[in-house]
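Beneath this line is the structure, given in structure tokens, with notes to follow.
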Number of protein chains: 2
Amino acid sequence: MKTQLIALDWGTSSLRAYRLGAAGETLEERSLPLGIMQLDGSEAGFEHALDQACGDWQRASPEAPMIACGMIGSAQGWREARYVDAPLGAEELGASLHSIERSCGMPLWVVPGVIQRGDLPDVMRGEETQVFGLLDGDTDHGAPLLIGLPGSHSKWVTAEGGELTQFQTFMTGEVYQALLGHTILGRTAVVGDSFNTAAFERGLRVARSIEGLAGPLATIFSSRTLVLTGELSGEAQADYLSGLLIGHELAAMTCVHQPPPSQSIVLIGNSTLCARYLWALEYFGFESLRFAPEATAAGLWKIAAGAGLVPENPGEPYVRNHACH
Amino acid sequence: MKTQLIALDWGTSSLRAYRLGAAGETLEERSLPLGIMQLDGSEAGFEHALDQACGDWQRASPEAPMIACGMIGSAQGWREARYVDAPLGAEELGASLHSIERSCGMPLWVVPGVIQRGDLPDVMRGEETQVFGLLDGDTDHGAPLLIGLPGSHSKWVTAEGGELTQFQTFMTGEVYQALLGHTILGRTAVVGDSFNTAAFERGLRVARSIEGLAGPLATIFSSRTLVLTGELSGEAQADYLSGLLIGHELAAMTCVHQPPPSQSIVLIGNSTLCARYLWALEYFGFESLRFAPEATAAGLWKIAAGAGLVPENPGEPYVRNHACH
């Protein structure tokens, strides 16, 4: 099958490559441990990684455009692609692609990140592409949709009328790792494979209780003291801490945004982590929950279409138009 | 001057030794980097550290009793001294000393930690001694006193009628270190020597504002985004983050305990850190603030007196009574 677009999700720790066909369908997919933090930051390093990920696809289809989203466009990436302001639609991202000229003649188009200005500015890089991959022209013109993207930095995004209107970041995942890896809480935690749902739910309960008003800086200490007093096993500590932190995140998110229990919520991301968030959202009383599979390839296709790199309506006669800057 | 008591504040990172005279006055003081985490955990390691800290004092006054507080009595210390339940007075600590028998014949008496039981148990080791060192028989029978002990694990202690009645731990200091040292927030922070008071107060303001309702898991991300957008310098980031975290701690503490603005508050601890907390408490509207110098030696004297290791009323005839277990 002919390659219409080579789409890359190039983040901090990994590089995922998608070979997309004439209708945007995924023909082939690869994941390599070549995130920007694994590379030396040199031009040659990025070129080499790109060649490892999809050099063969390029040589087989030298006319196929290439597009990437994620931290590759950050100051620590290959070339900085400046943020575009929210609220915005996919076409604005498409109109703001940054190009990295390459010796082979075919540039790499980089999706800019999104910024929300204000007293506390917020930013994303990569999540915007997932959001637009999820939004469907047929269904996104109704009530506002709340989209959760759990991860090292969880994002809660509101979408309305096909636009990404606002968002908020919680550093929950990275804080969890730092607490277990680099504070006294890690001393008593015993790492295991199984998910202790009772411990996780206990953490949620505490975060949502009157004791939770003391906030995470206080409640996290109970993940140690409960083990010291024999009320929690070392094996259960990490899941209890996970429940506490996700619970505090949801308590804060619902306090700030006040979504009704009927609010439509979609989660995108790693299925194991999303399962925890779905559990937590149910515990917090939300009734309309959905998990969406990875949507980056679809988002990159949509943005590439907005930029004229691929046809909006596959099948129609198509003149490529690189209306990018 | 004759040594009446050898008093040790033996914590995680350091060992401080005090040679106290007949009235509990400090005759000599030493600080060594021999905290329990610097030692190998063996009997010989603890003995050797003790000898380095005060072997000469002991040989000069072999009859002087020795008492220690802090993490030396934890499961990771020399011997575990089990927690005593709050509320409690100094005499209950004195009646619950644990002894470590030593080959030289003179035991080391170890002050137990304090536990507050409940849904979220809380513990302290060492801070209880500072609290009792601070409490003065003449002045502690009035209104409840709120005592703040800033540190890796900040403690907020309520004392009334000479008793330690309740307390709460916030892991603020350790979380601050973990965030700067082991998350993306450290990437943009430039470490400097000067205290950027404007950045610190900006952090306090955010934590106390409507944006602060999103909680520390969210607001800490602004310490990065404000640098990315050029609204905060890398040099100011750490102090802004410090203000954010201390602000969230105080917001939570005041939310839970609801102290009136007239509440008498005393801070004990490192003067640099206490200066930040005093600044923050003023910002939060508290009017009756006091900084107390280090009170561990006085607390160890008081507890030793309660245990009959030294005279309650110096000058009176005194029969030593080792009523400990």
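Just so we're clear, the structure is a prediction, and the values are computed from it rather than from any experiment. Throughout, protein chains are lettered first and strands after them, A, B, ... in sequence-line order, and every chain is numbered starting at 1.
Within the 3.5 Å criterion, the main-chain N or O of B/Glu174 finds no donor-acceptor partner in the side chain of A/Thr183.
Contacts with chain B were tallied for A/Ile220, A/Val206, A/Leu179, A/Ile210; A/Ile220 has the most, counting heavy-atom pairs under 4.5 Å. Contact count against chain A (heavy-atom pairs under 4.5 Å) is highest for B/Arg187 among B/Arg224, B/His248, B/Arg187, B/Glu249. Ranked by heavy-atom pairs shorter than 4.5 Å toward chain B, the options A/Gly118, A/Ala252, A/Ala218 are led by A/Ala218.
Across every non-hydrogen atom of A/Ala214 and B/Phe170, the tightest pair is O-CE2, 3.4 Å. Scanning both residues, B/Thr225 and A/Asp122, for their nearest heavy atoms gives CG2-CA, 4.2 Å. Heavy-atom minimum distance, A/Thr219 versus B/Leu120: CG2-CD1, 4.3 Å. Smallest separation of non-hydrogen atoms from B/Leu226 and A/Pro121: CD2-CD, 3.4 Å.
Of the atoms belonging to B/Gln177, not a single heavy atom falls under 4.5 Å from chain A. Only the side chain of A/Leu228 comes within less than 4.5 Å of a heavy atom of chain B; its backbone N, CA, C and O stay farther away.
Taking the six-membered ring where the residue is Trp, B/His182 and A/His182 present parallel rings, their angle staying beneath 30° rather than reaching 60°.
Annotation: the span from B/Met171 atom CE to A/Ser223 atom OG amounts to 7.0 Å, rounded to 0.5 Å. Note that CG of A/Leu217 and NE2 of B/His153 are 11.0 Å apart. Values are rounded to the nearest 0.5 Å.
In this structure, A/Thr12 and B/Ile184 have side chains that are not in contact, with every pair of non-hydrogen atoms separated by 4.5 Å or more. Side-chain contact between A/Phe221 and B/Val123 is present, with at least one heavy-atom pair separated by less than 4.5 Å.
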